[in-house]
Amino acid sequence: MSENVKKKQIDRRWIFLLLFLAVAIPLIFVIGLPIETTENVRMVHGLIEQTPKGSKVIISFDYDPASKPELHPMGKALMEHCFDRDIKVIVTALWPMGVQMAEDIYSKIKDNYPDKKYGVDYVNMGYKAGGIVTIQAMGKNFRDIFPQDMNGTSIDELPILDGINNFDNLGFVFALSAGDPGIKQWVQVAHDTYGRPVSGGVTGVSAPAVIPYVNQQQQLIGLLAGLKGAAEYELLTETPGTATSGMDAQSVAHLIIIIFIVAGNINYWRNKKAEKKRGE
Amino acid sequence: MKKTILMFFLFSASLLFSQDIFFEAVDNPNDDGTAIQLRWDASNISSTKMIIERKDDGGEAKLVQKIDKAEGEYMDGEDIKPGIEYVYSFSAWDENDQLIQKVESAVFAQAQWFNSEKISLLILALIITVAILYYIYHAKIGKELYIRKIAGLESIDESVGRATEMGRPILFIPGILDLDDMQTIAGLTILGKVALKAAEYDAEIIVPVCRSMVLSTAKEVVKEAYLKAGRPDAYNPDSVFYLTDDQFGYVAGVDGIIMREKPAANFLMGAFYAESLILAETGFASGAIQTAGTAMPSQLPFFVVACDYTLIGEELFAASAYLSKEPNQLGSLKGQDLGKALFVILLTIGIVLEISGVHFLKDFLMVY
Amino acid sequence: MMEHFFSVLGIWLGVIVTFAIFSFLYKDNPFYKVAEQIFVGLSAGYWFVYTIYFILIPNLFDPLINDFAGNWIKLIPAVLGIMMLMRLLPKTGWVSRFPIALVIGTTSGVFFLRYLKSDVINQLTATMMNPFTGGDWVVVIGQIMLVVGTLTGVIYFYFSKKHEGVFGATAKVGIYFLMISFGAAFGYTAMARISLLIGRLQFLLGDWLGIISP
Amino acid sequence: MKRKIPLLITFLVGVIIIISEFIPHKPFGQITGELENWYLIIAGFAIILGQLSLFKVNLFKIKHRQKNWQFFIITLLSFILMVSIGIFWGTENHPGIFGNGETISNTIGTKPFDYLFDNVYQNLQATMFSLLAFFIASAAYRAFIARTLESSLLLVAAILVMLGNTSLGSALTGWLPESLSFLHLPRISEFIMKYPTTAGQRAIMIGAAFGIIGSSLRIILGIERSYLGGE
């Protein structure tokens, strides 16, 4: 069927080079194209704005360095937003490397919040395996699953966890999720079983599969999807970061890929026609 | 639930005389009697210090929580036991440390035997369980269960025929996951069918795999197919071989095979991750007829645009059930179909009811 | 002084492995293979260490050592866990069936309930709406698409009836919706992959070359 | 014995978990809670098992001089390195058996475990996955062809979403008047995501959910036994 294509095949390495330049050049020469916010991101922003001061929330870092460019800016903007609003942050991780991701963000921003204390306004509970079953166990007895924080301090000595025996007294759960286990499991347990509000940020790859949860039932309250979602959130919280500065490159690269698709199709159909003529 | 509300009124109505602060303690419904819901609204007064205390069965008052929100709720789950009376008090002080008001509310914690919010879940769980078991039983006693033709499977004859005509091999990839993944098993079932056709048409088949467990099973499947076709002599044990376990190493290996052997037909059936589009692209560029099937939702788009036929998600399992005629798979598939039919019917009725302004079905199915 | 040296060395190490991996784009080569195997080894080591520090010590060893009387029941999962490890030897491999049976039983029970509730019932009620209300004509059209798309999409995955006549046409509509949703998935996946490349170039151009401010 | 007891365990555990969903009263919740705690610990051992199996497999490959066996020595060495520095001096927040290794940390800035993670591992993993950007670009040119109505719909939706998800989308259609704002590219992309995509993905979600429900049920009832392995 596609015999025709292979005759005029260009070496894919030229395409690689073109894409490399399409991403590198806009990073160096910033254009500063405008960013617009979408409803799902405004919903996430609204959720944090409406959460009363002093509330305790879980932010689950369920990703590793492979998704850092997309999820890290979200995590940073979110944590700053929570601290600005005096929301107390309990960090958990269903992926072992999520612990380091959270620590990386905290160490970067903590100097801007000198009055926020570890153990009072922020705590990192570390990593637990077991995915959905472990989340369900947290919903029954949080203190059984997390007897200590990541430093080995007993949960009873951490004031931020006073009154946290399960999900009952949490303002919301926010999952930064790159796959399984992640946001789907939080929706299924924290919202659909224990009735707590759940929101989250996901990689572009998993966004379409998660989007049906943003619905009337509010299984998810808004969703940050990929780098664009991160950039919109940075815009709303007025903390431009790596997501915002990456959007120019993102735009140009998308354009290049679209051009590739169109050119590839034109090429294909032209060859096909030529072949038909020859065949006649 | 109604009983709880009634009880709550009996115990606390007399205490709720004040209008300034609203405070109530209610048994948390549908639990094992180990939590009390506390709700307050003190937005009418200006207070700098608010606390909630609790007396257990007439004992000493102890602090439950310091409050910094004028309005809110709190779930007390600290050492609550069913059948004991708890008296909660909400106290508010002004900036001069003068007590403005103290409101009390008493409550019994109760354990429930049935979670009334989950009745719809229970009913649907029972229906689906019964349906699946019923159909598995039917399949086991040998009753014919109809499954529609899967479009992608019809390409097998065409592809194998074309490969024979052109004198080029057929490439089959059963995904990159191990035998414990359902998609790999489904892929191997389809491999059986493809290998059978290949044996009948006398076409060459190549099966590179990336798991050693898959290797031995795939070998058996292909060998059996050649036996079934009555051509055990034509079976080449080297046609099924192991490349490497790692994802990109495997891709590079398969890419090389496609470039060298130029197979006329490619089958990609099983679990795929990011390598899907590299394989499909190389296959497309080599001019092969491609049939793909996977239940990995994020890879399906690439298969659809780069392959000639694609089995989408559940179709892969249906195809495997259709080909293997295995009663467990078939029966289960039929049971799940009944679930889907029920879904469509309930949804249609529900939408009609919603449009006519009747909400009971939706309310019944909703928990919160 | 030394600290500075090591932080510069760290960036260079990062750059070297980055280029080793990128070299795969030219063709599969030993540098790529070495980098890849380092990746596999470090990853496994990381999981190993983190599992011990974050699960086995706080949730098993500490409770058993500090308060044995109150936590003796944790000996059961400890024994089951060790039975799991016996899988490493071919002769004792069958012992691991007991912990696997427990794990699979738990997962199956949880999955059965959670998927039925979240992915079936809640999707059902989320789609059960009056599509003609709730906004301007764009929203109404959207909601009609949502309802029609969900119904026809589920019908496409119904295998007990031949695709012909009205039923076939309905399934055909379903496949169109699936295709649009795959298109969106395609777009989002492309976006995600490019974001990762942007992240890499931010490292190379920022942390390493210092051309852009990170 | 070797098969019957595991099947019985699976059945009992599965049934208890399902029952306790509907009966909040004691003791079901407690039993389930305990089982879930055990699950976490066994899952921990399973992860250890996974890493040790990797070790074993690589050792086997080296021993039998399989193709490219030299590279697997590197796998083993990196594994041993990461595990030993992790156990000797611990991770960022966890002391190891030799304490916190202050001398080393002061020299290189962080603990060796974190140094390797930050500088080598993070870059390796991030770069591995960024390769895919290149492959998507090349496949876009060479293989993504609109041959049927289905694939045309797919590609058109993809292009609209890609345009809408960039700053470019806003720039291209930002001039449209308010009355035509629904044609604004970011809005179109949002519309595609919110309605037809949700519908399509929801259909897939439901189909897959029934599949999972079916297989869970078969496993609990002992109809599906492949997880126990052969023999």
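All values below come from the heavy atoms of this structure, side chains included, with hydrogens, waters and symmetry mates left out. So that the names make sense, note that chain A is the first sequence line, chain B the second, and so on, each numbered from 1.
- No donor-acceptor distance shorter than 3.5 angstrom exists from the side chain of C:Arg200 to the backbone of D:Ser130, with no hydrogens or angles considered.
- In this structure a side-chain-to-backbone donor-acceptor pair under 3.5 Å is present from C:Tyr53 to D:Gly86.
- Annotation for C:Asp62 and C:Pro58: closest pair CB-O, 4.2 Å, computed over non-hydrogen atoms.
- Remark: the backbone N or O of C:Val139 is paired with a side-chain donor or acceptor of C:Asp136 at under 3.5 angstrom.
- Ranked by heavy-atom pairs under 4.5 Å with chain C, the list D:Phe191, D:Phe11, D:Phe129 is led by D:Phe191.
- With a 4.5 angstrom heavy-atom cutoff, D:Leu160 does not touch chain C via any of its atoms.
- For a residue to count as touching a neighbouring chain, one of its non-hydrogen atoms must lie under 4.5 Å from one of that chain's; by this rule D:Ile206 touches chain C with backbone and side chain alike.
- Among the candidates D:Arg218, D:Gln70, D:Arg187, D:Met128, the residue making the largest number of heavy-atom pairs closer than 4.5 Å to chain C is D:Met128.
- Other residues, nucleotides and ligands contribute more than 12 heavy atoms inside 6.0 Å of the CZ atom of C:Phe6.
- In this structure, CE on C:Met145 lies 13.5 Å from NZ on D:Lys194, to the nearest 0.5 angstrom.
- With a 4.5 Å cut-off on non-hydrogen atoms, D:Phe71 touches chain C through its backbone and its side chain both.
- Within the 4.5 angstrom heavy-atom criterion, atoms from both the backbone and the side chain of D:Val83 approach chain C.
- If you measure heavy-atom distances from D:Asn106 to chain C, the contacts under 4.5 Å come from the backbone alone.
- For D:Ile192, the part lying near chain C is the side chain, with the backbone staying farther off; criterion is any non-hydrogen pair under 4.5 Å.
- Options D:Thr198, D:Thr91, D:Ile159 differ in how many heavy-atom pairs under 4.5 Å they form with chain C, and the most are formed by D:Thr91.
- Among all heavy-atom pairs drawn from D:Thr110 and D:Ile108, the shortest one is O-CG1, 3.1 Å.
- Around CH2 of D:Trp69, the count of heavy atoms belonging to other residues, nucleotides or ligands within 6.0 Å exceeds 12.
- With a 4.5 angstrom heavy-atom cutoff, C:Ile175 touches chain D only via side-chain atoms.
- D:Glu34 and C:Lys74 are not joined by a salt bridge, as no carboxylate oxygen comes within less than 4.0 angstrom of a charged side-chain nitrogen.
- When the candidates C:Gly149, C:Gly187, C:Ala44, C:Gly153 are compared by the number of heavy-atom contacts under 4.5 Å with chain D, C:Ala44 comes out ahead.
- Counting heavy-atom pairs closer than 4.5 Å to chain C, the top residue among D:Phe182, D:Tyr115, D:Phe135 is D:Tyr115.
- Of the residues considered (C:Tyr46, C:Phe182, C:Trp47), C:Tyr46 shows the highest number of contacts with chain D, using heavy-atom pairs under 4.5 Å.
- D:Tyr121 touches chain C through backbone and side chain together, each having a heavy atom under 4.5 Å away.
- Note: D:Ile41 leads D:Thr32, D:Ile41, D:Thr166, D:Ile9 in heavy-atom pairs under 4.5 Å with chain C.
- Checking side-chain atoms of D:Ser138 against main-chain N and O of D:Phe134 turns up no donor-acceptor pair under 3.5 Å.
- Per-residue counts of heavy-atom pairs under 4.5 Å with chain C were compared for D:Leu49, D:Leu52, D:Leu77; the largest is that of D:Leu49.
- Interface remark: D:Ile18 contributes backbone and side-chain atoms alike to the contact with chain C (heavy atom separation under 4.5 Å).
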> Given D:Phe210 and C:Phe157, is the ring-ring contact (aromatic ring centres under 6.0 Å, His included) satisfied, shown in steps?
Replying inline: CA-CA 11 Å; D:Phe210 276 116; C:Phe157 288 115; over 10 Å; no
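- Between chain D and the options C:Tyr158, C:Trp12, C:Tyr50, C:Tyr156, the largest number of non-hydrogen pairs under 4.5 Å is found for C:Tyr50.
- Of the atoms belonging to D:Phe55, not a single heavy atom falls under 4.5 Å from chain C.
- Proximity to chain C is limited to the side chain of D:Leu35, based on heavy atoms less than 4.5 angstrom apart.
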